[in-house]
K.L.:
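Just dropping this structure here.
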Amino acid sequence: MNDALLERLRFCTVLPTLPSVAFRIIELVNDPNINLTQLAECIASDPALSAKMLKVANSPLYTTQRVATNLRQAVNMMGTHATVTVALSFSLVRSLSGHEGNTLFWRRTILAALACRLLGKHYGFNSDDLLLAGLLQDIGILALRSVAPDEYAELQAITDHEELLKAERNRFGSGHDEVGYWLLKRWGIPEHLSLACIASHADTPGHEAQATPLTCVASSGYFADVFLKGDHVMQIVAASESAARWLGMDACTTIAMLENMREKTQEFEALFDMCVLQTDQVDALLQEAKELITIANLGRQRELEEKTHRDVLTGAHNRRYFDEAFKHEFAVASRQGWPLSVAFLDIDHFKQVNDTYGHAAGDKALIALSRIIATQIRGSDIFVRYGGEEFVLLFPGTVAEEALIVLNRIRQAVASYCHTYDTATFHLTISAGLAFHMDEDMKHETAEGLLRTADNALYTAKQNGRNQIIKSKAK
Ligand SMILES: Nc1nc2c(ncn2[C@@H]2O[C@H](COP(=O)(O)OP(=O)(O)OP(=O)(O)O)[C@@H](O)[C@H]2O)c(=O)[nH]1
């Protein structure tokens, strides 16, 4: 930490300090032989804290079937560790918040602590430790305010937390993260908790996103800001980004966490005797954010699916898509007795195009041809690049005669199209074999069998001189 600031902190007589009960509790935290009786006695010495502990033990946050009617029972029910951390949390907030309970600082601190607790629960960490770490993470702000009240007052207008930290570093040489760490060490707070101050402002995770108690603290401030700042949707985006960066949490889970926070806020307000939420707009905004994220996710998923189902060169469906779709259409047609026409298409003498004009000209021709075919079919028809210069057309719900009309239309459109490449122009033709499924005399046992019939018909079309469609004969 900056030396000059350290000097000022050391000699400051009004630094925030904890009530004596909190110091005794810290001593107990560091004592490996701590027992529940000692702890209960320590808390009992502070009537306000005792009442609070009883309230906490019976609150929905610590739901158990039993009700604690006295402090001893409450401490027994919560166990040593939870009692220590919760008692420390409350005595800390009570003594430090003083008369300024509802300032932005305390509202953000309480909300961030709530976020820490819920994140801890979500990832299976000790949620009481995380609650306390969340409460402690910005304690350095109080220290800086005590040491330089006038100078700090000038930073008061900065509402963005990261901007505030930058301004502190400019003004004092160190920010509230380092100052907080120093203060907590001085109080004797265990290292795993005091590190929360530093973690809350680490620049980057330094490793791949991974949920740890410290990365929970690091993202908790962003969760709190969703409820505090005017531009909620931007804050939801920031919370979602930070949760992804630190914890690897997806956007839907982030929204669910925020909803959970919203639900639990009232209980928290009651426990800390503070009013932290000032707007009921949050509900509507969370709903809106949820819808936006769902739509974005669906869009992304569809885009991805589309990409994996399409041939890159021509945009036609690919073989992987066809295998699934064909199996499905064949099964539906067989079950319902619906007609299904299938055509195998092949470009005539395509090798000559490559050999004469080059592979790039062949590619361009494949693209043009695919466009022609795509414009001649219905949305329910399935156009597939089966491989190389071979294509398959599936016509669900279409009898062979209708499919034949479409195929001839395609054949004519292809034949009349003039391809250009550099200065060269050329024409192409296609041949196709058509097979049909579901008439009494044209039933196929399997999808593969149906495709084979179409392939055989294509072979006949080639044999017969190309540029023609052959409809397979009834068996
Ligand atoms: N440019 C280009 N050519 C391809 C692609 N895929 C396959 N081909 C070519 O398509 C040609 C197919 O040739 P063949 O199977 O001999 O058939 P054909 O010349 O069309 O003759 P017929 O089918 O008998 O009328 C080969 O030259 C392949 O290299 C591709 O993606 N791009």
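Every number for a ligand or one of its atoms is a count from 1 in the order of the listing. Model, not experiment: these values are computed from the prediction. Because only heavy atoms are used, hydrogens play no part in the values below, and waters and symmetry mates are left out as well, while side chains stay in.
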K.L.:
Sequence neighbours left out, what passes side chain to side chain contact (heavy atoms under 4.5 Å, CB included) with Asp250? Give chain and number order.
P.N.:
Cys252, Thr253

K.L.:
Let's go through Arg117 and Asp128 carefully: what are the C-alpha distance in whole Å and the side-chain angles of both, what is the deciding distance for salt bridge (charged side-chain N to carboxylate O under 4.0 Å, His left out) to 0.1 Å, and is it a yes or a no?
P.N.:
CA-CA 7 Å; Arg117 187 182 151 81; Asp128 296 316; 3.1 Å; yes

K.L.:
When the side chains of residues 352-359 are checked against the rest of the protein, which donor-acceptor pairs come out under 3.5 Å, sequence neighbours left out?
P.N.:
residue, atom, partner, partner atom, Å
Asp355, OD2, Lys351, NZ, 3.0
Thr356, OG1, Gln352, O, 2.5

K.L.:
Test the Arg319-Tyr386 pair against the cation-pi criterion, namely NZ or CZ under 6.0 angstrom from the six-membered ring centroid and within 45° of the ring axis.
P.N.:
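Output yes; distance and angle both within limits.
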
K.L.:
Can you pull every nitrogen or oxygen pair between ligand 1 and the protein closer than 3.5 angstrom?
P.N.:
residue, atom, partner, partner atom, Å
ligand 1, 1 (N), Asn354, OD1, 2.9
ligand 1, 1 (N), His359, O, 3.1
ligand 1, 1 (N), Asp363, N, 3.3
ligand 1, 1 (N), Asp363, OD1, 3.1
ligand 1, 3 (N), Asn354, ND2, 2.9
ligand 1, 19 (O), Phe350, N, 3.0
ligand 1, 19 (O), Lys351, N, 2.8
ligand 1, 20 (O), Ile347, O, 2.9
ligand 1, 20 (O), His349, N, 3.4
ligand 1, 20 (O), Phe350, N, 2.7
ligand 1, 20 (O), Glu389, OE1, 3.1
ligand 1, 21 (O), His349, N, 3.4
ligand 1, 23 (O), Asp346, OD1, 2.9
ligand 1, 23 (O), Lys462, NZ, 2.8
ligand 1, 24 (O), Arg466, NH2, 3.0
ligand 1, 25 (O), His349, N, 2.8
ligand 1, 25 (O), Lys462, NZ, 2.8
ligand 1, 25 (O), Arg466, NE, 2.9
ligand 1, 31 (O), Arg385, NH2, 2.6
ligand 1, 32 (N), Asp363, OD1, 2.7

K.L.:
Before accepting this row, confirm whether a basic side-chain N of the pair Lys185/Glu191 lies closer than 4.0 Å to the acidic partner's carboxylate O.
P.N.:
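Between Glu191 and Lys185 there is a salt bridge, with a charged N closer than 4.0 Å to a carboxylate O.
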
K.L.:
Who are the side chain to side chain contact (heavy atoms under 4.5 Å, CB included) partners of Thr425, not counting sequence neighbours?
P.N.:
Cys418, Thr420

